[in-house]
*Asks:* 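This structure is in structure tokens; I'll ask about it shortly.
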Protein chains: 2
Amino acid sequence: MTVLEKRRRLTREDWLAKALDVLAEEGIGAVCIEPVAKALGVTKGSFYWHFEDRDELVERLLEYWETEHTDRLGDLVAADSSDPSEQLLTLLELVTPSDENRYDASVRAWARYDPRAAAHLTRVDQKRLDYVRDLFLMMGFSKEQADLRSRWSYYYMIGEYSVLAIPPSDDQRLDFARRRHRMLTAPPVPGCSVPAAQPAAGAAIAKENA
Amino acid sequence: MTVLEKRRRLTREDWLAKALDVLAEEGIGAVCIEPVAKALGVTKGSFYWHFEDRDELVERLLEYWETEHTDRLGDLVAADSSDPSEQLLTLLELVTPSDENRYDASVRAWARYDPRAAAHLTRVDQKRLDYVRDLFLMMGFSKEQADLRSRWSYYYMIGEYSVLAIPPSDDQRLDFARRRHRMLTAPPVPGCSVPAAQPAAGAAIAKENA
DNA sequence: TTCTTTATATACTCTATAGTATGATATAAG
DNA sequence: CTTATATCATACTATAGAGTATATAAAGAA
């Protein structure tokens, strides 16, 4: 396998991997046959050997993403510790706006207008939410508390790579993760049925810094 | 102005409004001149009278969105009360995944691959984050606490219309909003520098229900 | 070697869209 | 009524991308 070796011929997975890259970089609208072929150094004659049509590429691309690029986290976090609270902390600290979930963001943008993408993303979101929810249940929280807190945890991660305002520094991001972990694992504030009777917890707090 | 009145001629804003609708429904990729013209009951001869080219439409569409469809909230919430804590509650209860922010979601998806859209969205996100941050500052929280809590508030809203897992019911959504408000306005948990020493708040909590 | 299958190239067609050029029509001002 | 201007229609060109048909080359089986 020297550097000068003649280019090996492609598999369906080569196409999927490259298409997923293009999806992440430029969105589903840029996943066109000829440009991707060019990126692979072949022509579209190759494409129509491996796939029926573009529709099949798109469908298999979603399967490829769902099966090959969405399951890393559970293993990674579970391996880190068996304590649900520590697992949550690892999760909050580890899931950064870049890396793994660069694909997620693109699928999410795509899913807004394509029901096929939405179907796959729904499954993935549900699976992850259930995973985090189970952590809170294992900590002893009620079903409803676990539901709220898991959503709150997960939504923050989505916000981190969706909101385009100036993001916090890496240090601050980590600090935020730990503080969120603190608040999320603390017992629920009692008396939540009353809509909004308390007139601001304000002034009594003003000393807290850092 | 009877129902049978002959169709009035269009303005640039008519085009922008319709284009924004198409953007919300089918994404920026569907904002094409001829289809939008058809939706307006005219041909593209009209378009090229009101706009230089598609690029100008796109640019003005972003301006139109930013100036005409992103400022409602501040007024609405501020009118409701002058107490920052109550304003926050109104915000958390009021901002639903549908309505106003159907445009937001589309611009957000668009912004991922178009720097122009990203520039506008960044300003809007920053403005809103600052607004919420100010609420927490007025409540007496430190700068850092206000930063964390405002992001946590805002990110949840983004997650609400981004995450495609089965959403909670309307009642539960409102209940969640009130519970978040409770937790977000409560004083910070002390001793946050220690990474994760406490071995789960678990069993002691398990009685809480509803 | 010869045959077969796999993998890619080349040369087409067809459609959607952007953009242009120019003609038609309506509305208001004179 | 006439004219000018604002608004839109029609008929074109050009390009990008999907899809098809067929030729070609490489690799393995006979």
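In the text below, chain A, chain B and the rest are named by the order of the sequence lines, each starting its count at 1.
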*Asks:* Round to the nearest Å and state the distance from F47(A) atom CZ to dT6(C) atom C1'.
*Replies:*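 After rounding, the gap between these two atoms is 17 Å.
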*Asks:* Find the distance K44(B):NZ to dA24(C):C1' and express it as a whole number of Å.
*Replies:*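 The distance from NZ of K44(B) to C1' of dA24(C) comes to 18 Å, rounded to the nearest Å.
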*Asks:* At under 4.0 Å, does any side-chain N or O of H50(A) touch on OP1 or OP2 of dT8(C)?
*Replies:*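 Yes.
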*Asks:* Within the structure shown, what part of the strands sits under 4.0 Å from Y48(A) by heavy-atom distance: base, sugar-phosphate, or nothing?
*Replies:*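 Base, at least one base atom sits under 4.0 Å.
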*Asks:* Any ion pair linking E56(A) and R12(A) (charged N to carboxylate O, less than 4.0 Å)?
*Replies:*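 Yes.
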*Asks:* Whole-Å distance between dG19(D) P and E34(A) CD?
*Replies:*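 Nearest whole value for this atom pair: 11 Å.
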*Asks:* Between D14(B) and K18(B), is there a salt bridge with N-O shorter than 4.0 Å?
*Replies:*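 Not counted as a salt bridge, because no side-chain N and carboxylate O are separated by less than 4.0 Å.
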*Asks:* Nearest whole angstrom, please: distance from the P of dT17(C) to the CG of L57(B).
*Replies:*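 The answer, rounded to whole Å, is 14 Å.
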*Asks:* Run the salt-bridge test on R151(B) and D147(B) with the 4.0 Å N-O cut-off and return the result as yes or no.
*Replies:*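 D147(B) and R151(B): salt-bridged.
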*Asks:* For the pair made of CZ in R12(A) and P in dT6(C), what is the distance, rounded to whole Å?
*Replies:*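 Checked: the CZ to P distance equals 13 Å.
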*Asks:* Does R9(A) get its side chain close enough to the base of dT8(C), under 3.5 Å, for a donor-acceptor pair?
*Replies:*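 It does not, because no donor-acceptor pair links the side chain of R9(A) to the base of dT8(C) below 3.5 Å.
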*Asks:* Quickly work out the D53(A) CG to dC14(C) P distance and round it to whole Å.
*Replies:*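 Rounding to the nearest Å, CG of D53(A) and P of dC14(C) are 19 Å apart.
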*Asks:* Determine the interplanar angle of the W15(B) and H50(B) rings, folded into 0 to 90°, and report it as parallel if under 30°, tilted if 30 to 60°, perpendicular if over 60°.
*Replies:*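 If you compare the ring of W15(B) with that of H50(B), the planes turn out tilted.
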*Asks:* Distance check needed: dA9(C) C1' versus K38(A) NZ, whole Å only.
*Replies:*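 Rounding to the nearest Å, NZ of K38(A) and C1' of dA9(C) are 15 Å apart.
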*Asks:* On DNA chain D, compare the nucleotides closest to T43(B) and R54(A); which residue's is nearer the 5' end?
*Replies:*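 Nearest nucleotide further toward 5': that of T43(B).
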*Asks:* For W49(A) and dT6(C), is the shortest distance between a side-chain N/O and OP1 or OP2 below 4.0 Å?
*Replies:*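 Answer is no, no contact under 4.0 Å.
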*Asks:* For D55(A) and dG19(D), give me the distance from atom CG to atom P, rounded to whole Å.
*Replies:*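 Answer to the nearest Å: 8 Å.
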*Asks:* Quick check: on DNA chain C, is the nucleotide nearest G29(B) upstream (toward 5') of the one nearest T11(A), or the reverse? Name the residue that is more 5'.
*Replies:*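 Per heavy-atom nearest nucleotide, the more 5' residue is T11(A).
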*Asks:* Could I get the full list of side chain to side chain donor-acceptor pair (under 3.5 Å) partners for E160(B), not counting sequence neighbours?
*Replies:*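 Once residues adjacent in sequence are excluded, the partners of E160(B) under the side chain to side chain donor-acceptor pair (under 3.5 Å) criterion are R173(B).
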